[in-house]
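Working notes, structure below.
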Amino acid sequence: MIRTADTKLIASELHSRYEPPRAVALIGRTLQKALFAGRADEVVFWALVYAHYRGGDLCDATEEQLAAFRKNILPDPPDLN
């Protein structure tokens, strides 16, 4: 299961610990490893981390693409939005 709150937390930690080029490189490397390992859930997780790192909300087209993974993505509880 992918929790949206976890992706936001990791994005926030990356902002606080690393300069932007380093953070994006770390996300990219981890995403690439997951992609080549065939781990779709990890690919989606790191893609969401990157989206939140770059500014937050996803566009409608991306939301539509994530529809196939909705059963694996737990949204934020209402009090965290």
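Just so you know, residue 1 is the first one in the sequence shown, and it goes up from there. Everything numeric in this text was worked out from a predicted model, so none of it was measured.
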Non-hydrogen side-chain atoms of Ile10 and Phe45 separated by less than 4.5 Å: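 A side-chain contact under 4.5 Å exists here.
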Side chains of Arg3 and Leu9 in contact at under 4.5 Å (non-hydrogen atoms):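 A side-chain contact is absent here, since even the closest heavy-atom pair is not under 4.5 Å.
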Rounded distance (nearest 0.5 Å) linking atom NE2 of His15 with atom CZ of Arg54: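 Atom-to-atom, His15:NE2 and Arg54:CZ are 8.0 Å apart.
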Nearest heavy atoms of Ile2 and Leu48, plus distance in Å: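 That would be CG2-CD1, 4.1 Å.
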Report all side-chain donor-acceptor pairs from residues 17-32 shorter than 3.5 Å, counting only partners two or more places apart or in another chain.
unit_1, atom_1, unit_2, atom_2, d
Arg17, NE, Glu13, OE1, 2.9
Arg17, NH2, Glu13, OE1, 3.2
Thr30, OG1, Leu26, O, 2.8

Lys8 with Asp6: basic N within carboxylate O range, under 4.0 Å: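 No, Lys8 and Asp6 are not salt-bridged.
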